[in-house]
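Take a look at the structure below.
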Amino acid sequence: MNQLLNDGRALEGIVSSIIRQSTLRAVPSRLDWERMYRIADYHKVANIVYLGILGNSDSVPDKWKTHFFERYQESLLFGNNYKESVKEVLTWLDMRSISCIVLTSEVLRDFYQIPEAAYTDPLRLFMDAKSYDLVRGYLIDLGYEVDQVFEGAGERFQRESGLSIIVYYKLPFRTGRYTRSMQKLLESACIRENYKYIRAFTVEGEFVYRMAAAVYHYVTDELTMRELLELQIYHKSFREHIRMDAARRRLAELKVDDLAEKLLKISYMWFSDHTDEYYEGPPENRSEYDTLEERLITRGIINHETDRQALELEKQIHKELNKEKKAERYQHLKERIKERWANVMKMLRWIFPDYRYMASIYSVLDKVPILLPVYWIVRDMRLLGRLLKK
């Protein structure tokens, strides 16, 4: 447990130092670099770590230095074509009159102070189920493969050395409150410039979406350092255009406004230049933030959750999961009953064939149909006799 936490803290220290362009603390010499790489890759910051170990490369085994470099190279090489690839996909959709909403904009790469620290973020799209089936087939024809399935919501498609695309036909938030609020947010999306059928959130709407998603992912232990970093970069880049009071009201509808504010503060504590006017210094109740940070960097393995809104959202998600499991068990039961009933009916049809079949064997039934039950008995007794003789 302590080792996992120490590794997470070391990773956060490396990443935040590079992003803030501050003096990098000495990298601990006894780090397990295999484990560090896996943690960094999960948090989608391996390319940033590579920048951090350049001056400490002697302490990193060549094997893992190579793995970090590969992630750095992937981000660097494809980053040059990222916007063009996004434009190509959106233009194809627009030309075929496929209506969809871009959930997170691709412009964020431009706001990294160190361009090579940026991440090749997937293009996230939302569309109706009918359009989803069409687009899914198109992507597969283009050589994309399903990389991840969001059960009952959509899929992530990946092509080697290409753009990752996440397509949703239902946003992957389980609670009724999230579903209703996100639906209202989707309805507020506007037609994107230079397109007819492609819509996107306003700056404020995208910020609310990012905040709400970050809270949800925190509670489900899926929140990554990269997502938190990009939340901070987005807020810093566009905060003059965001009405924070309106954003808080939307988050209050979800009952996650306080937790969202805490996560945003952690993002500034980790990644901002501490001369930034938005950064207010360490919070008074540091232990409360330590609990949030420990859960975040250990992916929920260390979990001493005390935040009221986090606990309530977690409770609602578990309630929905239990409902889904019950519905799934009920569906399996219905299918088993249906299958058994089909087998019973098949057996009955074999024991008591229909009139036409019986009349083709016993011609007397054409003249006296009322004798059908008698000839059922005659036929079945003959068949039984044959079985007994074997």
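What you see is a predicted model; the values in this text were computed from it and never measured.
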Taking it one step at a time, do Q73 and N47 satisfy side-chain hydrogen bond (donor to acceptor under 3.5 Å, both in side chains)?
-> CA-CA 8 Å; Q73 195 174 41; N47 63 320; over 6 Å; no
Go through the steps for I191 and I198 under the test side-chain contact (heavy atoms from CB on, under 4.5 Å), then give the verdict.
-> CA-CA 6 Å; I191 295 294; I198 309 299; over 6 Å; no
Quick one: do D354 and R349 satisfy salt bridge (charged side-chain N to carboxylate O under 4.0 Å, His left out)? Show the steps, please.
-> CA-CA 7 Å; D354 63 20; R349 284 193 294 271; over 6 Å; no
Please walk me through it: do E288 and T306 pass side-chain hydrogen bond (donor to acceptor under 3.5 Å, both in side chains)?
-> CA-CA 8 Å; E288 183 179 6; T306 58; 5.7 Å; no
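Under the 4.5 Å side-chain heavy-atom criterion for ILVMFWY residues, no single connected hydrophobic cluster contains both V102 and M95. Residues L90 and Y197 do not share a hydrophobic cluster, clusters being chains of Ile/Leu/Val/Met/Phe/Trp/Tyr side chains in contact below 4.5 Å. Side-chain heavy atoms closer than 4.5 Å link hydrophobic residues (I, L, V, M, F, W, Y) into clusters, and following such links, even through other members, never connects I377 to Y357. The cluster map of Ile, Leu, Val, Met, Phe, Trp and Tyr, joined by side-chain heavy atoms under 4.5 Å apart, puts V135 and L163 in the same cluster. Clustering ILVMFWY residues whenever any of their side-chain heavy atoms sit less than 4.5 angstrom apart, transitively, puts V167 in the very cluster that holds V149.
Under the 30°/60° scheme for interplanar angles, the aromatic rings of F68 and W33 are found to stand perpendicular. Note: Y362 and Y375 have tilted aromatic rings, judged against thresholds of 30 and 60 degrees for the angle between ring planes. Ring geometry for F207 versus H235: interplanar angle of 30 to 60°, hence tilted. Ring geometry for Y132 versus F157: interplanar angle of 30 to 60°, hence tilted.
Using modelled atom types, one finds no donor on one side chain facing an acceptor on the other under 3.5 Å when comparing S287 with D290. In this structure, a donor-acceptor pair under 3.5 Å is present between the side chains of W270 and E293. Side-chain contact annotation: Q3 with D32, donor-acceptor N/O pair under 3.5 Å absent. Side-chain contact annotation: E294 with H304, donor-acceptor N/O pair under 3.5 Å absent. E187 and Q183 share a donor-acceptor pair across their side chains, judged by distance under 3.5 Å alone. Counting only N and O atoms by type, the side chains of R20 and S272 include no donor and acceptor under 3.5 Å apart. Side-chain contact, Q113 with Q21: a donor N or O sits under 3.5 Å from an acceptor N or O. No side-chain N or O of T120 forms a donor-acceptor pair with one of E74 less than 3.5 Å apart. Y330 and E335 share no donor-acceptor pair across their side chains, judged by distance under 3.5 Å alone.
The heavy-atom pair separating A189 from F201 by the smallest distance is CB-CD2, 4.2 Å. When every heavy atom of T220 is checked against every heavy atom of E222, the shortest pair comes out as OG1-OE1, 2.6 Å. Minimum interatomic distance between L103 and F126 (heavy atoms only, all atoms of both residues): CD2-CB, 4.1 Å. Of all heavy-atom pairs spanning E204 and A246, the tightest one is OE2-CB, 3.5 Å. Closest approach of R248 and E261 over heavy atoms only: NE-OE1, 3.3 Å. Taking every heavy atom of both residues into account, Y37 and A46 meet most closely at CE1-CB, 4.4 Å.
At least one donor-acceptor pair under 3.5 Å links the side chain of W376 to the backbone N or O of P353. Proximity of a side-chain donor or acceptor of Q309 to a complementary backbone N or O of L259 within less than 3.5 Å is detected. A donor-acceptor distance shorter than 3.5 angstrom exists from the side chain of S16 to the backbone of G13, with no hydrogens or angles considered. Counting only distance, with no hydrogens or angles, the side chain of H43 and the backbone of I39 share no donor-acceptor pair below 3.5 Å. Under a 3.5 Å cut-off, the side chain of D94 and the backbone N or O of K196 do form a donor-acceptor pair.
You'll find the ring centres of F111 and F238 inside the 6.0 Å limit.
Within 6.0 Å of CD1 in I370 there are 12 or fewer heavy atoms belonging to other residues, nucleotides or ligands. By the 6.0 Å contact criterion, CD on E84 is open, its count of non-hydrogen atoms from other residues, nucleotides or ligands being 12 or less. Other residues, nucleotides and ligands place no more than 12 heavy atoms under 6.0 Å from the CZ atom of R308. By the 6.0 Å contact criterion, CD on Q148 is enclosed, its count of non-hydrogen atoms from other residues, nucleotides or ligands being greater than 12. At most 12 non-hydrogen atoms from other residues, nucleotides or ligands lie less than 6.0 angstrom from CZ of R340. Environment of CD in E88: sparse, with no more than 12 heavy atoms of neighbouring residues, nucleotides or ligands closer than 6.0 Å.
Contact of the D147 side chain with the E155 side chain is not registered, since no non-hydrogen atoms from C-beta on lie closer than 4.5 Å. Y355 places a side-chain heavy atom less than 4.5 Å from the side chain of P369. Proximity of V49 to I53: side-chain heavy atoms (C-beta onward) are separated by under 4.5 Å at one or more points. Put simply, the side chain of M211 reaches to within 4.5 Å of the side chain of L251, judged on heavy atoms. Looking only at side-chain heavy atoms (C-beta outward), R295 and I301 stay at 4.5 Å or farther from each other. Using a 4.5 Å cut-off on side-chain heavy atoms (C-beta onward), T298 and D7 make no contact. The shortest distance between side-chain heavy atoms of L125 and I166 does not fall below 4.5 Å. A heavy-atom distance below 4.5 Å is not found between the side chains of Y218 and L313.
Partner F173 forms a ring-ring contact (aromatic ring centres under 6.0 Å, His included) with one of Y178, Y168, F150 and no other, that one being Y178. Each of E314, E305, E312 was compared with V219 under the side-chain contact (heavy atoms from CB on, under 4.5 Å) criterion, and only E314 meets it.
Taking OG1 of T104 as the reference point, atom CD of E106 lies at 8.5 Å (rounded to 0.5 Å). If you take CD1 on I19 and CD on E12, they are separated by 11.5 Å, rounding to the nearest 0.5 Å. The line from OG of S99 to CG of D128 is 7.5 Å long, rounded to the nearest 0.5 Å. The distance from the NZ atom of K44 to the CE atom of M225 is 12.5 Å, given to the nearest 0.5 Å.
Salt-bridge check for R239 with D276: passed, with a basic side-chain N closer than 4.0 Å to an acidic carboxylate O. Salt bridge present: K323 and E320 bring a charged side-chain N and a carboxylate O closer than 4.0 Å. A salt bridge between E253 and R249 is absent, with no side-chain N of the basic residue lying under 4.0 Å from a carboxylate O of the acidic one. Using a 4.0 Å cut-off between a side-chain N of Lys or Arg and a carboxylate O of Asp or Glu, K65 and D62 qualify as a salt bridge. Note on E34 versus K63: no salt bridge recorded, every NZ/NE/NH1/NH2 to OD/OE distance being 4.0 Å or above. Residues R124 and D121 are paired through a salt bridge, judged by an N-O separation under 4.0 Å between the basic side chain and the carboxylate.
Within the cation-pi definition used here (under 6.0 Å to the ring centroid, within 45° of the axis), R379 qualifies as a partner of W350.
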